[in-house]
There are 2 protein chains.
Amino acid sequence: MSVIMPAGSLTSRERMIRTTALLVRERGIEATSFSDVIEASGAPRGSIYHHFPGGKSQLIAEATEWSGAAIATGLERALAGGDPVAAMHAFIDVWRGVLTETNFDAGCPVVAASVESAANPGAREAAAAAFIAWEEALAGALEESGAEPDRAGSLATLIVAAIEGAIVQCRALRSLDPLDRVERELATGIAAPTG
Amino acid sequence: MSVIMPAGSLTSRERMIRTTALLVRERGIEATSFSDVIEASGAPRGSIYHHFPGGKSQLIAEATEWSGAAIATGLERALAGGDPVAAMHAFIDVWRGVLTETNFDAGCPVVAASVESAANPGAREAAAAAFIAWEEALAGALEESGAEPDRAGSLATLIVAAIEGAIVQCRALRSLDPLDRVERELATGIAAPTG
DNA sequence: GTCTATACGAAGATAGAC
DNA sequence: GTCTATCTTCGTATAGAC
């Protein structure tokens, strides 16, 4: 890669990774082919194995890693406001946007990586790392705003699991209802933690 | 199909559907081929398009439908005891068994149907029907045991979403921790519903 | 870094015999 | 209801020129 990299531009390699992530969140891993990535990204066909000598496994793993990091960044930005409940609403709003803008065709690429991890161990590892990173960020924010350290971790896992599960349901039902319901229940549960 | 059907036996067609469901929960839809189903079920190759003239789309849709119904049956049986919280624990225990017995290779086939629904509209519809059926059963039981009708529905959605999301995380992490944490949080949340 | 050409296998699907 | 054979398409991956 050249040392000169104008701000805002993307290398062919980066475009391929982003495009792969976008395709995977709609079709899944196995249904996303090199041809699809080439066509959608405009990347040159001959450079696939130059940039990704490990072939599709490597491309998928890197796309999953990129997705996990991108989502983590968005989550951390929301959490920086200091209010975990408000951050959760903002985070859910982003997913609402993804679902409606794609007519419920897109979901979370990290979930796809887990569901189709049998032939993609690298993607599975990247998915695991993503879940851990998201939940650590959430748990830290929950603790800072007064949650018992013992419960912050499990509450963070509940939030991530419920949102991801709701997204899956939204895609199947082609409706935002599951996400709306989960948001409502999570908000009351976090605001009034008992037990 | 013959009229004579000894109890406990399965037709070739039924075996194919069950086997497909088991393969899909491990590999996903796209990574499950006819050859895999033939080999794993022992079904004769020449009968695929006899039983499923709609090809793979039909087989996948029927396998998703069967999975949804099987899980609904298990859930309703657990709920028949009259204690929704106990039923939830029992339900989660079943998933713990699936995860450990398959060394975290298997998840929920209905989730796979949603994630890979782009090329499988029939599977998507079957997944949607499954989610609705599970949540109606849960919501009914929650109402009967005293939950406000208004909240029973959203609580049922939260439970299903959280468990499904936890299963996805368990597969990625190869650990039961996410399911354990979600179970704990759900139990306290249902036992002490505020808001 | 990108190109073309191609090898090679596997997939879903169909036809026609038994 | 099941078999074999085959068609066609598409997938990943590689080789070697530019």
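Residue numbers begin at 1 in each chain, while the letters A, B, ... track the order of the sequences.
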Could you pull out all residues at least two apart from B:R181 that satisfy salt bridge (Lys or Arg N to Asp or Glu O under 4.0 Å)? none

Nucleic acid contacts - residues 113-122 of chain A versus DNA chain C, non-hydrogen atoms under 4.0 Å: none

May I have the list of side-chain donor-acceptor pairs in residues 18-25 of chain B shorter than 3.5 Å, sequence neighbours left out?
| from | atom 1 | to | atom 2 | distance (Å) |
| --- | --- | --- | --- | --- |
| B:T19 | OG1 | B:R15 | O | 2.8 |
| B:T20 | OG1 | B:M16 | O | 2.6 |

Euclidean distance, atom CD1 of residue B:I38 to atom P of D:dG1 [Å, nearest integer]: 15 Å

Contact state string [nucleotides 2-18 of chain C, B base, S sugar-phosphate only, - no protein heavy atom under 4.0 Å]: BB-------SSBB----

Distance check needed: D:dT12 P versus A:Q58 CD, whole Å only. 15 Å

Can you measure A:I60 atom CD1 to D:dT12 atom C1' for me and round it to whole angstrom units? 12 Å

Test side-chain contact (heavy atoms from CB on, under 4.5 Å) applied to B:P44 - qualifying residues, sequence neighbours left out: B:S12, B:S47

Does A:E143 have any salt bridge (Lys or Arg N to Asp or Glu O under 4.0 Å) partners at least two apart in sequence or in another chain, and if so, which? none

Just the rounded figure in Å: distance from P of D:dT12 to CD1 of A:I48. 8 Å

By ring-ring contact (aromatic ring centres under 6.0 Å, His included) - contacts of A:F104 (at least two apart): none

Of all residues at least two apart in sequence or in a different chain, which pass the salt bridge (Lys or Arg N to Asp or Glu O under 4.0 Å) check with B:E164? none

Going by salt bridge (Lys or Arg N to Asp or Glu O under 4.0 Å), name the residues that satisfy it together with A:D93, two or more places apart in sequence or in a different chain. A:R96

Any side-chain heavy atom of B:R45 sitting closer than 4.5 Å to one from B:S35? yes

